[in-house]
Participant: 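Starting off with a structure, shown below.
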Amino acid sequence: MARVYNFSAGPSMLPEEVLKKAAAEMLDYEGSGQSVMEMSHRSKVYDSIIKGAEQLLRELMNIPDNYKVLFLQGGASTQFAAIPLNFMNKNGKADFVITGQWAKKAYQEAQKYGECKAVASSADKTFSYIPKLDKNEFTKDADYFYICMNNTIYGTVYHELPDTGDVPLIADISSCFLSEPIDVSKFAMVYGGAQKNVAPAGLTICIIREDMLGNARDITPTMLNYQIMADNDSLYNTPPCYTIYICKLVLEWLKEMGGLEAIKERNVKKAKILYDFLDNSKMFKGTVVPEDRSLMNVPFVTDSEELNAKFIKEATEAGFVNLKGHRSVGGMRASIYNAMPVEGVEKLVEFMTEFEKANS
Ligand SMILES: *Cc1c(COP(=O)(O)O)cnc(C)c1O
């Protein structure tokens, strides 16, 4: 069996240990005589899985007790509507920073529900940086302030959070979930699709400060009402049972490795290998300003479309797959999420070094 190094932005690699454990437990989960795929979400055995996953997540992320953890469906994109429906209800206003396609989509969706302001944007330079924020631009009585923390397509990340004062800060952390410690207490809500760093597709995790809840618009669909989901411990209807189980295995894997400090150290090491190479290469170069570079998504280019295509083709043949950049930006992108081993990045850099030699 040959496994490739998968640099996909999502769905993406899962730890091999997790896949092996899931395979071993496939037919008979802990003596229950069933696969997790087959069991009732209301059974005792499943209850220990979903509760266990929540407990582990709380522990790893150090989530304060006054936050709810919700296991939902619909992807991050569904939250683009759920967030305004649940929270844009006092003054009907919210602020957004446009740092890429996901932030823009959230902004456009929220416009259906109220007055939205884009307080800054980095569209002028293809989102290759995080814009400096001018507090004078912030809406004083906004119901919330929205950011996309790690910009998957462009490879930027906030190293410093906006100071929004009393205005609740909400962040999409889809592509940096569990990649390093974050201070949850600085946010009113963080959320993300699981398929980048946490689990297979199908699960969206929302972590919401309790005082934000209970204020949804009357028209809010039941399934998008965070209060109802919280009151029902994410079991209002059938949750994505198997994905939550894999999520639990990933969380166990993270805990065993030493938690988020340990994974951060590994992620910093991986990203440094790649960025150092890019900074020294004559052929390849990173597209993001150094101070805003993401640990998770690393876009890069050569100066020719032809060479980009040749590189992607030859890399794929050599077992480095999904290196093509997002269709909106072109070039290449290596997503090096938690599950990518250090060795995968080292081998990619070796391959790039050889490619550069052979083609210059
Ligand atoms: C992938 C991604 C999304 C979209 O997630 P879906 O679960 O497919 O809706 C949103 N935001 C960010 C930052 C992403 O990386």
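Ligands are counted one by one from 1 in listed order, and the atoms in each one are counted from 1 as well.
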Participant: Atom 5 (O) of ligand 1: which protein heavy atom is closest, and how many Å away?
Facilitator: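 Atom 5 (O) of ligand 1 sits closest to the protein heavy atom Ala76 CB, 3.5 Å.
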Participant: Quick one: do Glu54 and Arg58 make a salt bridge, cutoff under 4.0 Å?
Facilitator: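 Yes, this pair counts.
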Participant: Hey, which atoms in ligand 1 end up nearer than 4.0 Å to a heavy atom of Gly75?
Facilitator: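 In order of number, 7 (O), 9 (O).
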Participant: Given Asn197, Thr152, Asp172, Asn150, which has its nearest heavy atom closest to atom 15 (O) of ligand 1?
Facilitator: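 Comparing heavy atoms across Asn197, Thr152, Asp172, Asn150, the nearest one to atom 15 (O) of ligand 1 lies in Thr152.
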Participant: Short list, please: which atoms of ligand 1 are under 4.0 Å from a heavy atom of Cys148?
Facilitator: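 Going through ligand 1 atom by atom, the ones under 4.0 Å from Cys148 are 13 (C).
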Participant: Identify whether the distance between the nearest side-chain nitrogen and carboxylate oxygen of Asp183 and Lys186 falls below 4.0 Å.
Facilitator: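 Answer for the salt bridge query: yes.
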Participant: In the protein, what heavy atom is nearest to atom 1 (C) of ligand 1, and what distance, to one decimal place, separates them?
Facilitator: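 Ranking protein heavy atoms by distance from atom 1 (C) of ligand 1, first comes Lys196 NZ, 1.5 Å.
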Participant: Can Tyr146 and Tyr107 be said to form a ring pair (Phe, Tyr, Trp, His ring centres under 6.0 Å), step by step?
Facilitator: CA-CA 8 Å; Tyr146 183 100; Tyr107 168 64; 9.6 Å; no
Participant: How about Phe284 and Phe311: are their ring centroids closer than 6.0 Å?
Facilitator: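 Close enough - the centres of the two rings lie under 6.0 Å apart.
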Participant: Please tell me whether Tyr226 and Phe87 form a close aromatic pair, meaning their ring centres lie under 6.0 Å apart.
Facilitator: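 Yes.
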Participant: Which residue holds the protein heavy atom closest to atom 9 (O) of ligand 1, what is that atom called, and what is the gap in Å?
Facilitator: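 Looking only at protein heavy atoms, the one closest to atom 9 (O) of ligand 1 is Ser77 OG, 2.6 Å.
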Participant: I want to confirm something. Looking only at heavy atoms, which of Gln195, Lys105, Met149 is nearest to atom 7 (O) of ligand 1?
Facilitator: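 The option holding the nearest heavy atom is Gln195.
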Participant: Should the pair Glu109-Lys105 be classified as a salt bridge under the 4.0 Å nitrogen-to-oxygen rule?
Facilitator: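 No, Glu109 and Lys105 are not salt-bridged.
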